[in-house]
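It should be emphasised that the depicted structure is a prediction, and the values quoted were computed from it without experimental measurement.
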Amino acid sequence: MPGPPVTIGCAVLLSPGVAGPPDSGIIVGVVSTAVAGGLPFATSGSTCLMVNSVSGAPYFVTIGSSGASTGVKVGGLPLV
């Protein structure tokens with residue numbers, strides 16, 4: 001896991017984006033119930049609100065297991 005865990009409000013970059021160029025967004029939902037400092041940790045399955053870099057249209061994407069921790073889990077889900 002390269003860096004500290006993320007939570008709601010953290011910036012996300014999806015590359016390639018839906019239309020090809022990278023899309024950016026923020027984490028808007030976390031499915032885990034574990035919290036640290038009053039904020040839930042993002043896990044595989046958390047929801048991000050992304051903005052398409054070509055059209056500017058918002059869309060939701062669920063974080064998959066790619067890039068998630070293989071050793072640290074929160075509520076049974078890999079920590080991002």
Side-chain angles (χ1 to χ4, degrees):
M1 189 170 64
V6 296
T7 188
I8 294 173
C10 287
V12 177
L13 182 65
L14 179 64
S15 182
V18 172
D23 291 343
S24 61
I26 60 168
I27 295 178
V28 295
V30 175
V31 297
S32 68
T33 56
V35 296
L39 295 172
F41 285 136
T43 59
S44 180
S46 297
T47 302
C48 296
L49 178 62
M50 306 298 291
V51 176
N52 184 283
S53 57
V54 175
S55 68
Y59 65 96
F60 288 97
V61 66
T62 301
I63 298 173
S65 59
S66 177
S69 173
T70 57
V72 180
K73 295 188 177 191
V74 176
L77 298 169
L79 192 62
V80 175

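When all heavy atoms of G17 and D23 are compared, the closest pair comes out as CA-OD2, 3.5 Å. Counting all heavy atoms, side chain and backbone alike, L14 lies closest to Y59 at CD2-OH, 3.5 Å.
Remark: P22 pairs with L13, S15 by the side chain to side chain contact (heavy atoms under 4.5 Å, CB included) rule, at least two apart or across chains. Applying the side chain to side chain contact (heavy atoms under 4.5 Å, CB included) test to V51 and every residue at least two apart in sequence or in another chain returns nothing. Scanning for side chain to side chain contact (heavy atoms under 4.5 Å, CB included) contacts around F60 gives V28, T47, L49, with sequence neighbours left out.
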